[in-house]
Amino acid sequence: FRATPYTATFYADGVEFDKVNYVAGESITADIPTKTGYEFIGWEPEIPASMPAENTSFNALWQAATFDAVFTVDGEIYKTVPTVFGEQIATPLAPSKTGYTFNGWNPAVGTMNTEGKTFEATWKIKQTDVYFMDGDTVVQKVTVDYNSQVNAIADPTKQYYTFTGWKDGSGNSADFPITVGENDIYLYAEWVQNEVTVVFYDSILTPFPDVLYEKTYKCGDPIEPPEFTPPEGYVFLGWANVEANPESPINVFPTAFYEENRLPSIAPDDGYLEYYPLCFEGSYIEAEEGYNDSDNVWFLYSDNGTHYVG
């Protein structure tokens, strides 16, 4: 008597994987199939303890494998994301780094493969603006990368003032070069108002007049001439060479002394007559034309178009 054999056929995704003949009641064994990206988890139907008295088919059951997506920052693991094969990898929250802006992952994040993937954070360096200010006015803006150094710009200039350096918003002197951080920097110009000495003289009747009044002014401030009383019988016509806002030291003389009601009748082309001393700031001017009356001798002088009488 010979037992009748029966066939056990094994399929993987519809394709015959193995076929074995068994006598009813024999134990069934089967090789384990493989599939890229999947784990074998059994057969459908489940293989019985012994071969039944009929031909039987079995289909492989699969489960997609899970692999690690590893995200790193500067070579250190930032986040590990287990991901099923073939599925889109979920990106973690963007990391942060002082002085830099996160600029994505390298390589680009996609679907999971059968080996696992590693991604490295990429960065874009931040830039910082350094404002050089004169009060509320921007003198110059300098833009540099984070953690870079910035030097002072060329010294600014301002009428009546001397530049003395840069200070921060707290009044501390700037120590160049400055290493910048993430925040913008404001530096403010410091100034010292220049000074001038103004000397007023009390006489024009001598080449060496005496000092009447001497005072130091801040450049740009108005000059305040002193009171002046001319000698008896003379008219004081004002001060020559008084600037509204001096920038350098000046000497100031009385315009002229003239005997009352004995001024010569002279009308320059510009319609305005100024009277200056014969000795003006130490230099004499040659007379061009003379006038005289019973008591005085008058001379008309000119220097670069300005008329003088004395």
Side-chain angles (χ1 to χ4, degrees), residues 36-39 64-195 218-220 247:
T36 301
Y38 291 82
E39 297 175 354
T66 298
F67 301 91
D68 286 339
V70 180
F71 295 85
T72 63
V73 174
D74 294 337
E76 300 292 331
I77 294 177
Y78 171 68
K79 187 78 172 179
T80 298
V81 181
T83 306
V84 173
F85 167 73
E87 292 187 1
Q88 178 66 37
I89 299 170
T91 55
L93 293 176
S96 61
K97 181 179 177 180
T98 301
Y100 294 81
T101 300
F102 177 66
N103 199 40
W105 298 101
N106 183 42
V109 178
T111 57
M112 178 54 71
N113 60 11
T114 59
E115 300 173 353
K117 291 186 175 182
T118 299
F119 305 93
E120 176 68 20
T122 62
W123 305 95
K124 181 179 180 181
I125 194 167
K126 292 180 179 179
Q127 291 191 313
T128 300
D129 290 329
V130 181
Y131 293 89
F132 292 86
M133 308 290 295
D134 181 12
D136 295 330
T137 301
V138 177
V139 177
Q140 186 174 334
K141 182 182 79 170
V142 178
T143 301
V144 295
D145 289 341
Y146 165 78
N147 206 36
S148 296
Q149 290 187 326
V150 63
N151 290 302
I153 62 172
D155 291 352
T157 59
K158 183 162 64 172
Q159 187 180 25
Y160 307 137
Y161 291 83
T162 296
F163 174 74
T164 60
W166 299 99
K167 290 190 176 182
D168 62 22
S170 299
N172 301 312
S173 296
D175 186 15
F176 294 97
I178 296 173
T179 300
V180 303
E182 290 188 296
N183 299 323
D184 291 343
I185 296 174
Y186 289 82
L187 300 175
Y188 297 88
E190 290 289 308
W191 305 94
V192 171
Q193 192 171 1
N194 299 330
E195 295 182 341
K218 296 289 187 180
C219 285
E247 293 190 60

Please step through side-chain hydrogen bond (donor to acceptor under 3.5 Å, both in side chains) for the pair Asn194 and Thr162, ending with a clear verdict. CA-CA 6 Å; Asn194 299 330; Thr162 296; 2.5 Å; yes
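In this structure, the ring of Trp191 has its center no less than 6.0 angstrom from the ring center of Tyr188.
Taking the six-membered ring where tryptophan is involved, the planes of Tyr131 and Tyr186 are essentially parallel, since the angle between them stays under 30° and well short of 60°.
You'll find the side chain of Lys158 reaches within 4.5 Å of the side chain of Asp134, heavy atoms only. Side-chain atoms of Leu187 and Ile178, non-hydrogen and from C-beta on, do get closer than 4.5 Å to each other. Trp105 is listed as a side-chain neighbour of Pro95, based on a closest heavy-atom distance under 4.5 Å. In this structure, the side chains of Asn113 and Lys117 come closer than 4.5 Å at one or more pairs of heavy atoms. With contacts defined as side-chain heavy-atom distances shorter than 4.5 Å, the pair Asp184/Val130 does not qualify.
Separating the OG atom in Ser96 from the CH2 atom in Trp123 is a distance of 6.5 Å, to the nearest 0.5 Å. Phe71 CZ to Thr91 OG1: the interatomic distance, rounded to the nearest 0.5 Å, is 6.0 Å. Note that OH of Tyr160 and CD of Glu195 are 15.0 Å apart. Values are rounded to the nearest 0.5 Å.
Around atom NZ of Lys126, more than 12 heavy atoms belonging to other residues, nucleotides or ligands sit under 6.0 Å away.
The minimum heavy-atom distance between Met133 and Val138, with the atom names listed, is SD-CG2, 3.5 Å.
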When the side chains of residues 139-146 are checked against the rest of the protein, which donor-acceptor pairs come out under 3.5 Å, sequence neighbours left out?
unit_1, atom_1, unit_2, atom_2, d
Thr143, OG1, Asp129, OD1, 2.6
Asp145, OD1, Gln127, NE2, 3.1

